Amino acid sequence: MGKRGRKPQHTLDAILDAALAVVESKGLRALSMSELARQLQTSVSGLYRYVDNLEHLFVALQIRSIEMYRVGLEQTLEEPLPQEFERAGAPTAALAQLVKSFRHYSEHAKRHPANHRLLSVLTSEPSVILSDEAARTVDVTLARVLDISTTLLGAARNAGALSEGDDQQRTYMLWAALHGVAQFRKWPLPWSRSC
């Protein structure tokens, strides 16, 4: 009987990294538990110690990517505005802060291309990937990002930079437009160099 090597030990982060690499190189539809096990040189049953099923894996991938985006967005918004925007008054400063949040979208694409593409692919995928219950789990995390945008729009409205309107509805429309424009990868986003 020959010596057996130690079974590889994985972490959830390592599994998510490998899953992201599969999506990046082979596409979303290529991601399966067997493909992931092959990438990690482990058994499918070994993966089930970390994720319950493929849907759970998709949820964990999305939550991690959204959280990475949110943390970066909050850091971006903490950076001070250039003084000329601050001196221009509250309406201009509020709009500049809103533009900064859009700039983060394009910066995130440059800094974390695999995570950004994952979010883009999952948003654009025409087929249903998650059950309603799993989607609600992701929505809780996504709501934190959308709340930031809603707050920024409310601040701009309260400063007199925007007319009265439903800030949450505006948030959804802006995010849909932002995602749609980002699908045209032939040119940089127009606000990527402002503020």
Side-chain angles (χ1 to χ4, degrees), residues 13 16 20 23-24 28 58-126 129-130 132 134-195:
D13 274 337
L16 294 177
L20 187 59
V23 172
E24 183 73 8
L28 185 64
F58 280 131
V59 168
L61 271 171
Q62 288 183 65
I63 287 174
R64 184 175 80 160
S65 292
I66 293 166
E67 277 299 302
M68 177 185 286
Y69 183 87
R70 182 189 58 77
V71 167
L73 176 60
E74 288 175 346
Q75 290 170 347
T76 295
L77 293 173
E78 287 173 4
E79 295 169 5
L81 287 171
Q83 287 188 353
E84 62 267 19
F85 291 111
E86 291 290 347
R87 283 193 300 263
T92 301
L95 284 177
Q97 195 72 344
L98 189 59
V99 171
K100 229 176 22 168
S101 73
F102 294 145
R103 187 188 73 216
H104 175 71
Y105 188 86
S106 58
E107 288 299 315
H108 182 264
K110 291 177 200 170
R111 289 186 191 139
H112 308 286
N115 279 295
H116 193 82
R117 274 194 290 277
L118 172 73
L119 293 174
S120 181
V121 165
L122 289 167
T123 305
S124 302
E125 173 61 35
I129 298 171
L130 301 177
D132 289 346
R136 280 190 291 276
T137 302
V138 173
D139 287 347
V140 168
T141 305
L142 183 58
R144 293 181 190 127
V145 173
L146 297 176
D147 286 347
I148 293 169
S149 295
T150 302
T151 300
L152 291 171
L153 283 161
R157 181 180 42 75
N158 290 336
L162 297 174
S163 62
E164 287 300 316
D166 185 326
D167 298 324
Q168 189 172 38
Q169 185 179 38
R170 286 175 171 167
T171 295
Y172 284 108
M173 290 184 343
L174 284 170
W175 272 97
L178 185 62
H179 177 72
V181 168
Q183 296 306 306
F184 297 101
R185 296 187 181 136
K186 297 176 184 163
W187 58 81
L189 294 174
W191 50 82
S192 61
R193 289 183 289 277
S194 18
C195 294

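Predicted model only: the values in this text are computed from it and were never measured.
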S.K.: Of all residues at least two apart in sequence or in a different chain, which pass the side-chain hydrogen bond (donor to acceptor under 3.5 Å, both in side chains) check with R87?
M.R.: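 R87: side-chain hydrogen bond (donor to acceptor under 3.5 Å, both in side chains) contacts with Q83.
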S.K.: List for me each residue that meets side chain to side chain contact (heavy atoms under 4.5 Å, CB included) alongside M68, sequence neighbours excluded, and say none if there are none.
M.R.: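 Side chain to side chain contact (heavy atoms under 4.5 Å, CB included) check on M68 returns H108, H112, N115.
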S.K.: OG of S149 to CD of Q168: how many Å apart, nearest 0.5 Å?
M.R.: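 Rounded to the nearest 0.5 Å, the OG-CD separation comes out at 11.0 Å.
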S.K.: For E79, check side-chain hydrogen bond (donor to acceptor under 3.5 Å, both in side chains) against everything at least two apart and list the hits.
M.R.: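 Not a single residue meets the side-chain hydrogen bond (donor to acceptor under 3.5 Å, both in side chains) criterion with E79.
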S.K.: Applying side chain to side chain contact (heavy atoms under 4.5 Å, CB included), can you list everything that pairs with D147, at least two apart in sequence or on another chain?
M.R.: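 Once residues adjacent in sequence are excluded, D147 has no partner under the side chain to side chain contact (heavy atoms under 4.5 Å, CB included) criterion.
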S.K.: What distance separates R103 CZ from T76 OG1, expressed to the nearest 0.5 Å?
M.R.: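 The OG1 atom of T76 is 6.5 Å from CZ of R103, to the nearest 0.5 Å.
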S.K.: Taking salt bridge (Lys or Arg N to Asp or Glu O under 4.0 Å) as the test, write out the residues that go with E84, two or more places apart.
M.R.: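 For E84, no residue satisfies salt bridge (Lys or Arg N to Asp or Glu O under 4.0 Å) once neighbours in sequence are set aside.
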S.K.: How long is the span from the CG atom in L95 to the NZ atom in K100, to the nearest 0.5 Å?
M.R.: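 The distance works out to 13.0 Å.
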S.K.: What pairs with D13 under salt bridge (Lys or Arg N to Asp or Glu O under 4.0 Å), at least two apart in sequence or on another chain?
M.R.: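 If we apply the salt bridge (Lys or Arg N to Asp or Glu O under 4.0 Å) test to D13, skipping adjacent residues, the hits are R64.
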S.K.: Does the ring center of H104 lie less than 6.0 Å from the ring center of Y69?
M.R.: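 Ring centres of Y69 and H104 closer than 6.0 Å.
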S.K.: Check whether any side-chain heavy atom of S101 lies under 4.5 Å from a side-chain heavy atom of L77, and answer yes or no.
M.R.: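 Side-chain contact under 4.5 Å: yes.
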S.K.: With heavy-atom distances below 4.5 Å as the criterion, would you say the side chains of F102 and W175 are in contact?
M.R.: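 The answer is no; the side chains never approach within 4.5 Å.
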S.K.: For L81 and A93, work out which heavy atoms get closest and say how close.
M.R.: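 In this case the closest contact between L81 and A93 is CD1-O, 3.5 Å.
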S.K.: Considering only residues two or more places apart or on different chains, which pairs with a residue in residues 147-174 satisfy ring-ring contact (aromatic ring centres under 6.0 Å, His included)?
M.R.: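 Applying ring-ring contact (aromatic ring centres under 6.0 Å, His included) to every pair that reaches into residues 147-174, excluding sequence neighbours, yields nothing.
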S.K.: Hey, could you give me the CD/CG distance between Q62 and L130, rounded to the nearest 0.5 Å?
M.R.: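 The CD atom of Q62 sits 5.0 Å away from the CG atom of L130.
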S.K.: What are the two closest non-hydrogen atoms of A114 and L20, and how far apart are they?
M.R.: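 Heavy atoms of A114 and L20 come nearest at O-CD1, 3.6 Å.
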S.K.: List for me each residue that meets side-chain hydrogen bond (donor to acceptor under 3.5 Å, both in side chains) alongside T150, sequence neighbours excluded, and say none if there are none.
M.R.: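 For T150, the residues satisfying side-chain hydrogen bond (donor to acceptor under 3.5 Å, both in side chains) (neighbours in sequence not counted) are T171.
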S.K.: What pairs of donor and acceptor atoms, side-chain ones from residues 157-165 against any protein atom, are under 3.5 angstrom apart with sequence neighbours left out?
M.R.:
unit_1: R157; atom_1: NE; unit_2: D167; atom_2: OD1; d: 3.1
unit_1: R157; atom_1: NE; unit_2: D167; atom_2: OD2; d: 3.1
unit_1: R157; atom_1: NH2; unit_2: D167; atom_2: OD2; d: 2.6
unit_1: N158; atom_1: ND2; unit_2: G154; atom_2: O; d: 3.2
unit_1: S163; atom_1: OG; unit_2: R170; atom_2: NH2; d: 3.4

S.K.: Within the distance-only criterion (no hydrogens, no angle test), does the side chain of T92 pair as donor or acceptor with the backbone N or O of G89 below 3.5 angstrom?
M.R.: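 Looks like no, no N/O pair under 3.5 Å.
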S.K.: Run the side chain to side chain contact (heavy atoms under 4.5 Å, CB included) test against T141 and tell me which residues pass, sequence neighbours left out.
M.R.: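 Side chain to side chain contact (heavy atoms under 4.5 Å, CB included) list for T141, sorted by chain: I63, I66, E67, R144.
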S.K.: How about F58 and V138: do any of their side-chain heavy atoms sit closer than 4.5 Å?
M.R.: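 Sidechains of V138 and F58: no contact.
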S.K.: Taking only residues two or more places apart in sequence, or in another chain, which ones meet R111 in a side chain to side chain contact (heavy atoms under 4.5 Å, CB included)?
M.R.: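 With neighbours one apart ignored, the set is E107.
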S.K.: For E86, check salt bridge (Lys or Arg N to Asp or Glu O under 4.0 Å) against everything at least two apart and list the hits.
M.R.: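 With neighbours one apart ignored, the set is empty.
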S.K.: Taking atom CG of L98 and atom OG1 of T151, what is their separation to the nearest 0.5 Å?
M.R.: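 Taking CG in L98 and OG1 in T151, the distance rounds to 11.0 Å.
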S.K.: Could you give the distance from CD1 (I148) to CZ (R70), rounded to the nearest 0.5 Å?
M.R.: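 So the gap between those two atoms works out to 6.5 Å.
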